[in-house]
Every structure is written in structure tokens, then in C-alpha cells.
Amino acid sequence: MNFVFISPHFPHTYWQFCQRLSQNGVTVLAIADVHYDLLQPELKESLTEYYRVDSLENYDEVYRGVAYFAYRYGRIDWIESNNEYWLEQDARLRTDFNVVTGIQADRIRSIKEKSEMKKHYLEGGIPTARQTLASAGREAVAAFAAEVGYPIIAKPDVGVGASGTYKINSEAELADFYAREPHVNQYVVEEFITGEICSYDAVIDSKGEPLFESMTVWPPSIMDIVNLKLDLSYYVDKEMPEPLRQLGRRTVKAFGVVSRFVHLEFFRLDSERPGLSNIGDFVALEVNMRPAGGYTPDMINYAHSTDVYKVWADMVAFDELRTEEGKPYYCHGGIRRVAHRRGQALLLRLRQSPRHLPLPPQSQ
């Protein structure tokens with residue numbers, strides 16, 4: 001099996017995906033825009049060959065890299081980055097090289113654009129926040145706000161996290177949003193929902209069935225953390241409520257997900273929303289067709305006494321689970337925002353419970 005991994009050096013932990021693929025007998029071929037000598041030793045040891053481009057943003061360069069690998073090693077079986085930023089390019093490469101083990105270019109809108117995501121939620125009967133398009137105009141959005149109530153949330157139709165997000169509390173703020181946002185027609189507007197953000201994290205096989213499932217909870221919302229410059233605290237739960245499990249699986253089916261690591265976000269409501277759902281119910285927020293960001297996969301490992309990098313590599317190589325899951329725990333992550341003379345620095349400390357739980361052998 002020939003696997004082309006795009007940008008395996010970033011995020012920092014992604015060398016582990018390559019290592020587990022190699023351990024499963026997969027030929028791992030990497031493309032990135034950093035000098036080979038700057039790659040981590042563990043990553044170098046996992047690669048059969050590395051192709052450096054001047055810029056991963058240059059599609060022609062990356063295309064030539066894949067073509068070179070196909071010429072030298074034969075048919076390419078997988079092309080993947082597991083990275084939100086490169087999802088569209090990954091899909092285009094798969095389409096151009098007839099690689100059928102991942103999302104194709106004609107389906108990328110459904111997982112990148114929030115407006116398209118909403119259609120799949122509705123088709124699957126999955127509760128989700130009501131939405132309209134900012135391009136419909138200020139009067140139409142004002143009418144939408146009158147229906148669902150202020151505040152409302154405006155966010156880029158294509159975007160990650162809370163970047164570029166506005167919380168609009170009144171008609172005056174709505175007018176201000178239209179006056180000062182230069183890309184207003186690229187925004188969607190949704191009703192404001194309060195509650196914990198809970199994610200359904202899973203590795204899905206080629207039949208759309210989960211090989212592994214986990215739940216992560218963010219008590220302070222990412223939007224508040226970004227806009228109010230808060231510290232961040234979140235945790236991987238030791239168990240998953242059955243309603244979230246069922247909604248996660250229904251969402252996977254609604255979006256036709258196969259052979260992927262997914263990070264699906266839901267609200268657990270802390271107040272009743274007439275016309276939507278009740279307190280404690282889960283409401284879909286958005287889908288992410290890649291692993292959770294940062295060190296969350298490592299936190300999932302600690303919480304479930306397993307190795308999700310290996311679980312994913314098992315899915316790729318064997319389309320089945322060959323990695324055991326041990327005793328469940330909670331795993332808490334804290335990120336403290338501190339002042340620094342060179343700018344803002346983020347310090348990450350992972351706390352596991354109980355403290356004597358050893359690191360997974362592959363992660364020591």
C-alpha cells in the first residue's frame with residue numbers, strides 16, 4: 001500500500017500517524033515544504049521517501065510530487081493530511097490521481113462550508129441551530145433575528161474555530177457588522193445557543209461504522225476563549241452519553257463518511273430553545289473531517305488507555321480494529337494565556353487521573 005502523507009511535520013504530533021502506518025507495513029511517502037534535515041528523527045525513520053516543495057500552497061508543485069511517487073512506486077492508494085487546512089487540496093489530488101479512499105473534489109463543499117453542512121443535518125433529521133446567509137441582506141437577517149431572538153452569531157461560512165466570529169446583540173450591532181465587515185457575503189448567521197461544546201471523536205471504517213469513539217467536553221466555549229482572551233480548560237470524558245453516540249453515528253451516515261478520523265461538534269444545551277430542543281439535549285454545531293486539534297489525540301490516548309494513532313493506521317491498512325482499549329479515565333488539558341515580552345505564549349499542561357497511569361508505550 002502506497003500512502004502519500006501531506007504535511008506530516010505539522011501539527012507536531014502527526015509523525016505518530018506516519019510511524020503507525022509504517023509499523024503496519026504501509027509505504028509512507030511524504031510531501032512538505034520544510035528541509036528534510038528539519039524533520040523529527042521519528043518522522044524520518046517512518047518515511048520511505050520525502051519530497052520537498054517550495055510551498056504546499058502551490059498545487060502544481062504538490063501535484064508533481066504525487067506524480068513522482070506514482071512513477072517510482074506505482075499506484076497511490078491513499079492521499080491524506082488529516083489537516084483541516086489541506087482538506088480541499090487533498091480532495092483535488094485524490095480526484096486528479098483517481099485515489100478513491102477519501103473525499104473527492106465534488107464533495108468538499110459539504111464538509112468545508114457551514115451552509116452546506118446544515119443541509120446534511122436537516123436531511124439526516126439531526127437537530128441543529130437555525131441558520132441564514134448574511135448575503136441575503138441586512139433586512140432578511142434582521143427578520144431572522146426577530147424569529148430566533150438576539151443575540152445571533154455571524155461566522156465565516158468556511159473557517160476553523162472561532163476566528164472571525166461576531167456575537168451580535170441588537171439591530172444596531174447588526175448594522176455595524178454590515179458596515180465594517182468587508183467579507184460579509186461570505187458569512188452565515190445562526191441563532192445563539194448556550195451550553196457545553198461536546199465532540200464526538202471517532203475513527204470510521206470503509207463501511208461507515210465506528211472502530212473507536214470518544215467524547216471531549218469544552219465547558220468554556222471556544223468563541224468566548226478567543227474573543228474574551230480566556231484561559232482554556234477542557235477534558236476527555238471517560239464515558240459517552242448514549243444520545244451523543246447515536247447522534248454522532250447518525251451524523252456520520254448523513255454525511256456519508258467512510259475511512260476517516262472525524263471530530264464532530266455538538267452543543268449540550270444549558271437552557272431550553274423553543275422550536276429546537278430542551279435542556280441537556282445535544283444539538284449539532286459543525287463537522288470536522290479530521291482529528292481533534294492540538295494534543296487532544298494524546299489526551300484521548302490517556303483517557304482510553306489506547307493509541308488512536310494506531311487505531312487510525314489499523315483502519316487504513318486493515319479496515320478493522322487491531323488496537324486494544326484499556327481502562328477508561330478522565331484526561332484534563334489546561335492552556336494558560338500569559339503575557340510575554342515577545343508576544344502571547346501558550347503553555348500546555350496535560351493532567352491525567354489517576355497520576356500513576358503510565359504513558360502509552362509508543363508515546364513515551
Determine whether [X] and [Y] make a side-chain contact, defined as any pair of heavy atoms from C-beta on separated by less than 4.5 Å.
{"X": "L47", "Y": "L29", "answer": "no"}
{"X": "F255", "Y": "V262", "answer": "no"}
{"X": "T128", "Y": "K118", "answer": "yes"}
{"X": "V287", "Y": "Y121", "answer": "yes"}
{"X": "V148", "Y": "I152", "answer": "yes"}
{"X": "F267", "Y": "T194", "answer": "no"}
{"X": "W78", "Y": "S259", "answer": "yes"}
{"X": "Y330", "Y": "V236", "answer": "no"}

Steps toward side chain to side chain contact (heavy atoms under 4.5 Å, CB included) verdict (V189, L133): CA-CA 6 Å; V189 179; L133 300 177; over 6 Å; no
Assess whether atom [atom1] of [X] is packed by more than 12 heavy atoms of other residues, nucleotides or ligands within 6.0 Å.
{"X": "E171", "atom1": "CD", "result": "no"}
{"X": "E325", "atom1": "CD", "result": "yes"}
{"X": "F144", "atom1": "CZ", "result": "yes"}

Out of curiosity, does [Y] fall in the hydrophobic cluster containing [X] (side-chain heavy atoms, cut-off under 4.5 Å, transitive links)?
{"X": "V66", "Y": "Y73", "value": "yes"}
{"X": "L232", "Y": "L230", "value": "yes"}
{"X": "I279", "Y": "V283", "value": "no"}

Nearest atoms (heavy-atom pairs only) where [X] meets [Y]:
{"X": "P297", "Y": "P291", "result": "CG-CB, 4.4 Å"}
{"X": "S277", "Y": "D281", "result": "OG-OD2, 3.3 Å"}
{"X": "M299", "Y": "H332", "result": "CE-C, 3.8 Å"}
{"X": "M215", "Y": "L244", "result": "CG-CD2, 3.7 Å"}
{"X": "S81", "Y": "W86", "result": "OG-CB, 3.5 Å"}
{"X": "A317", "Y": "N24", "result": "CB-CB, 3.9 Å"}

Between [X] (side chain) and [Y] (backbone), is there a donor-acceptor pair under 3.5 Å?
{"X": "T251", "Y": "L247", "value": "yes"}
{"X": "R94", "Y": "I79", "value": "yes"}
{"X": "S55", "Y": "E57", "value": "yes"}
{"X": "N288", "Y": "L264", "value": "no"}
{"X": "R260", "Y": "M289", "value": "yes"}
{"X": "N83", "Y": "S7", "value": "no"}
{"X": "D33", "Y": "R52", "value": "no"}
{"X": "E190", "Y": "V188", "value": "no"}
{"X": "T95", "Y": "A105", "value": "yes"}

Any pair counted as salt bridge (Lys or Arg N to Asp or Glu O under 4.0 Å), so long as it reaches [range], sequence neighbours left out:
{"range": "residues 124-134", "value": "R130-E191"}
{"range": "residues 37-48", "value": "none"}
{"range": "residues 173-184", "value": "D176-R180"}
{"range": "residues 226-244", "value": "E242-R245"}

ring-ring contact (aromatic ring centres under 6.0 Å, His included) partners for Y150, two or more places apart: none
With sequence neighbours excluded, residues passing ring-ring contact (aromatic ring centres under 6.0 Å, His included) with F5: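 ring-ring contact (aromatic ring centres under 6.0 Å, His included) list for F5, sorted by chain: F3.
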CA sep, side-chain torsions, deciding dist, call: Q16, R20, side-chain hydrogen bond (donor to acceptor under 3.5 Å, both in side chains): CA-CA 6 Å; Q16 297 180 85; R20 308 311 193 268; 3.2 Å; yes
side-chain contact (heavy atoms from CB on, under 4.5 Å) partner of E80, the single match among D90, V4, L93: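 When D90, V4, L93 are each tested with E80, the side-chain contact (heavy atoms from CB on, under 4.5 Å) holds only for D90.
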Parallel, tilted or perpendicular, as decided by the 30° and 60° cut-offs, for the rings of Y309 and F17: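 F17 and Y309: perpendicular rings.
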Whether F177 and Y187 hold their rings parallel, tilted or perpendicular, with breakpoints at 30° and 60°: perpendicular
Ring centroid separation Y51 to Y68 under 6.0 Å: yes
Check: Y329 ring centroid to H304 ring centroid under 6.0 Å: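 They do not qualify: ring centres at least 6.0 Å apart.
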Gap between atom CZ of R92 and atom CD of Q89 - 0.5 Å precision: 8.0 Å
Pairing residues for [X] by the side-chain hydrogen bond (donor to acceptor under 3.5 Å, both in side chains) criterion, not counting sequence neighbours:
{"X": "T132", "result": "none"}
{"X": "Y59", "result": "D96"}
{"X": "D77", "result": "none"}
{"X": "T323", "result": "D314"}

Under the salt bridge (Lys or Arg N to Asp or Glu O under 4.0 Å) test, residues paired with R322 that sit two or more places apart: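 Checked R322 against salt bridge (Lys or Arg N to Asp or Glu O under 4.0 Å); matches are E320.
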Test item: side-chain donor near acceptor, S115 and D157, under 3.5 Å: yes
Polar side chain donor-acceptor pair, Y14 to Q19, under 3.5 angstrom: no
From CA spacing to verdict: side chain to side chain contact (heavy atoms under 4.5 Å, CB included), W312, L21: CA-CA 9 Å; W312 175 84; L21 285 173; 3.6 Å; yes
Please table the atom pairs, donor to acceptor, closer than 3.5 Å between any side-chain atom in residues 196-211 and protein atoms at least two apart or in another chain.
from : atom 1 : to   : atom 2 : distance (Å)
E196 : OE1    : R268 : NE     : 3.3
E196 : OE1    : R268 : NH2    : 2.7
S199 : OG     : D201 : OD2    : 2.6
Y200 : OH     : E213 : OE2    : 2.6
D201 : OD1    : H263 : ND1    : 2.6
D201 : OD2    : T216 : OG1    : 3.4
D205 : OD1    : K207 : N      : 2.9
D205 : OD1    : G208 : N      : 3.1
D205 : OD1    : E209 : N      : 2.9
S206 : OG     : D319 : OD1    : 3.4
S206 : OG     : D319 : OD2    : 2.4
E209 : OE2    : K253 : NZ     : 2.9

